[in-house]
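Let me begin by presenting the structure, written as structure tokens, before commenting on it.
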Amino acid sequence: MKAILLLFDSLNRHCLEPYGCDWTKTPNFRRLAEHTVQFEKCYAGSLPCMPARRELHTGRYNFLHRSWGPIEPFDDSMPEQLKKHGVYTHLISDHQHYWEDGGATYHTRYSSWECVRGQEGDPWKAQVREETLPAHWGQASHQDEVNRRCLAAQGASPLEQVFSRAQEFLEANHQADRWFLQIEPFDPHEPFVADAAYQALYADDYEGSRFDWPPYDHVTEPLGAVSHCRHQYGALLSQCDAYLGRLLDMMDRYELWSDTMLIVATDHGFLLGEHGWWAKNRPPFYEELSHTPLFIWDPREKQQAVQREALVQTIDLAPTLLSYFDVPCPADMQGHDLHPVLQRDTAVRQAALFGMFGAHICVTDGRYVYMRADRPDTPLYDYTLLPLHQRARYAPEELQNMTLEAPFSFTKGCRVLRIAMPKNFYLCMSVAEGENSDLLFDLYLDPAQEHGLRDAKQEQRMIALMVQLMQENDAPPEQYERVGLQQPTECKGRKKE
């Protein structure tokens with residue numbers, strides 16, 4: 001048995017043709033849907049990038065205990081569990097956050113790994129002289145300008161290089177058995193840099209300043225610039241679609257459909273002006289961010305061109321892959337093997353949590369979405385044994401008042417550091433008045449989430465589901481306080497000392 005996970009970054013469900021989009025060109029995603037099971041209710045867990053990847057490895061929620069950071073010493077890593085049980089695991093990625101402090105323990109969990117350099121602000125090519133930035137809307141940076149020029153001269157985008165290396169792996173290993181290949185392109189993450197052929201698919205009459213890297217902020221740009229930026233995302237999405245087609249061609253060529261599981265997924269979505277916002281990392285975490293695409297082909301079931309309505313999440317991918325290879329699932333994993341969903345659309349959960357460290361805690365049952373906002377003047381703590389931020393170590397002054405806390409249920413008996421965190425750790429700017437409030441939506445009646453619902457009975461039901469899932473996750477006491485909820489008196493959590 002073999003398995004391939006193709007994990008895009010910022011792949012918008014609402015921009016894919018199989019999910020009903022009519023303005024993008026994604027024929028190979030349509031082709032993928034014809035070969036696989038398409039999941040209609042897949043949700044992220046922890047946002048953004050590395051928190052989602054910790055969930056991919058560990059099969060449990062990240063955002064209630066820790067911010068962005070590495071795999072912990074007590075974590076059960078799915079690729080490492082596979083490796084320990086004789087499955088060869090290989091990672092190919094241009095996701096530059098893996099090579100930073102806060103991602104540095106992920107790629108080393110695999111049997112082997114390859115990195116492709118140059119995406120976004122990756123500190124790759126050296127140029128001491130500060131680059132002159134072009135006129136632009138949104139964002140631009142010196143390092144990104146240097147990287148773009150070098151990549152253009154090289155003649156192969158990181159996306160091209162990732163899929164070329166994937167082809168090399170499959171050419172060399174398609175006849176071998178018991179391997180897991182994770183293909184992880186950074187695209188269609190911003191900046192939206194696509195080849196001219198794909199930009200031509202979305203030609204417009206825009207002649208203004210460059211706009212392919214939106215700000216993490218409210219939409220304030222002219223309508224023409226907004227439309228152009230959306231087209232730039234579409235162009236990069238279509239380029240991703242073309243490379244997906246190359247992978248599907250390889251599945252055909254090497255007859256991998258007979259013995260190879262294929263999972264195509266993403267970490268989260270991206271706001272392209274919906275709700276008046278660009279990008280992510282800003283609450284509320286609307287459907288465009290949290291409701292993600294998922295396609296799975298299981299050669300045991302051979303289910304294809306069908307949709308599944310059961311509620312699933314990122315944390316389910318680790319148990320699914322472990323079960324597929326007959327590897328025992330560690331007790332601390334909270335996700336579910338999706339085999340029953342693939343077979344008969346059997347429900348595996350009543351509700352799902354999602355959110356971001358220090359921001360809204362959200363819950364959905366597949367119809368209703370409830371978002372519980374952060375309250376002012378409440379504490380926030382990071383629990384970790386590896387105090388690393390995204391691109392830096394914790395500064396000594398941040399560690400002056402840390403304490404060593406009793407173990408959580410999932411830390412294998414290890415005490416952990418408790419470090420006070422600023423409330424705006426991810427939220428680099430405050431949200432507008434009214435956006436940092438509790439919100440309830442009925443997705444059946446209001447799929448675009450334009451009108452908050454006032455229904456006390458449904459709100460209390462969703463709160464009960466939220467508290468239950470927080471309790472199962474062994475959420476620390478301040479997480480209940482932070483969103484104005486009462487912590488259950490009987491809690492699964494840590495032993496008091």
Side-chain angles (χ1 to χ4, degrees), residues 41-47 51 55 60-66 275 282-287 289-291 310-316 334-336 347-381 383 408-409 423 426-427 431 433-494:
K41 294 178 181 176
C42 178
Y43 279 80
S46 299
L47 306 173
E55 293 191 344
R60 61 176 301 117
Y61 299 123
N62 170 93
F63 75 100
L64 294 175
H65 297 90
R66 207 196 61 187
H275 309 283
R282 302 286 182 271
F285 303 117
Y286 291 110
E287 289 283 283
L289 292 173
S290 59
H291 194 174
L311 183 61
V312 304
Q313 288 196 273
T314 305
I315 60 173
D316 297 326
Q334 297 175 304
H336 301 277
V348 293
R349 61 168 47 79
Q350 182 182 9
L353 275 184
F354 61 93
M356 192 172 66
F357 181 76
H360 282 64
I361 298 177
C362 311
V363 66
T364 182
D365 63 358
R367 173 174 178 173
Y368 294 94
V369 170
Y370 182 60
M371 306 183 189
R372 190 84 181 181
D374 181 67
R375 269 57 177 171
D377 304 319
T378 53
L380 180 65
Y381 298 102
Y383 295 91
F408 286 95
S409 61
K423 295 297 285 293
Y426 283 126
L427 317 175
V431 296
E433 184 178 355
E435 291 177 318
N436 198 37
S437 58
D438 302 338
L439 294 168
L440 176 66
F441 295 101
D442 182 342
L443 299 178
Y444 287 10
L445 301 179
D446 181 23
Q449 295 176 298
E450 295 176 335
H451 310 288
L453 180 66
R454 295 188 180 277
D455 185 326
K457 182 178 178 179
Q458 289 296 343
E459 182 176 17
Q460 288 304 309
R461 187 180 69 86
M462 298 304 288
I463 287 173
L465 290 171
M466 180 179 291
V467 169
Q468 177 185 337
L469 289 171
M470 291 175 68
Q471 187 176 9
E472 292 174 1
N473 191 233
D474 199 2
E478 71 274 4
Q479 288 290 350
Y480 296 91
E481 177 185 356
R482 196 175 63 76
V483 294
L485 294 176
Q486 182 70 39
Q487 183 182 11
T489 53
E490 291 187 11
C491 195
K492 181 183 177 181
R494 297 164 289 164

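Just so you know, residue 1 is the first one in the sequence shown, and it goes up from there.
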**Complete:** Minimal heavy-atom distance between L47 and L289, with the atoms involved, is CD2-O, 4.5 Å
**Asked** Between the side chain of E55 and the main-chain N/O of N62, is any donor-acceptor distance below 3.5 Å?
**Response** yes
**Request:** Examine distances only and state if a side-chain atom of H451 and a backbone atom of L445 form a donor-acceptor pair shorter than 3.5 Å.
**Result:** no
**Request:** State the CE-CD1 distance between M371 and I361, to the nearest 0.5 angstrom.
**Result:** 13.0 Å
**Asked** Is a side-chain N or O of R482 found less than 3.5 angstrom from the main chain of A359, in a donor-acceptor match?
**Response** yes
**Item:** Donor-acceptor under 3.5 Å (Q334 side chain, E472 main chain)
**Value:** yes
**Message:** Could you report the tightest heavy-atom contact between A310 and A347, atom names first, then the distance?
**Reply:** CB-CA, 4.2 Å
**Item:** Under 3.5 Å donor-acceptor, H360 side chain and S437 backbone
**Value:** yes
**Message:** Counting the benzene-type ring for Trp, do F285 and F354 have ring centres under 6.0 Å apart?
**Reply:** no
**Request:** Indicate whether the side chain of Q313 and that of Y61 have a donor and an acceptor atom separated by less than 3.5 Å.
**Result:** yes
**Complete:** In terms of heavy-atom contacts, D455 and L440 come closest through O-CD2, 3.9 Å
**Asked** For the atom pair CD1 (I463) and CD (Q468), what is the distance rounded to the nearest 0.5 Å?
**Response** 14.0 Å
**Prompt:** Taking all atoms of both residues into account, what is the closest heavy-atom pair of R349 and V312, and its distance?
**Reply:** NH1-CA, 3.4 Å
**Request:** State whether the side chain of Y480 and the backbone N or O of P488 hold a donor-acceptor pair below 3.5 Å, judged by distance alone.
**Result:** no
**Prompt:** R375 side chain to E481 main-chain N or O, any donor-acceptor pair under 3.5 Å?
**Reply:** no
**Request:** Identify the two heavy atoms, one from V483 and one from R372, that lie closest to each other, and give their separation to 0.1 Å.
**Result:** O-NE, 2.6 Å
**Message:** Regarding E287 and Y43, do their side chains bring together a donor and an acceptor under 3.5 Å, going by distance alone?
**Reply:** yes
**Request:** Search all heavy atoms of M462 against all heavy atoms of D365 and return the closest pair with its distance.
**Result:** CE-N, 3.9 Å
**Asked** Would a distance-only check, ignoring hydrogens and angles, find a side-chain to backbone donor-acceptor pair under 3.5 Å from D438 to A373?
**Response** yes
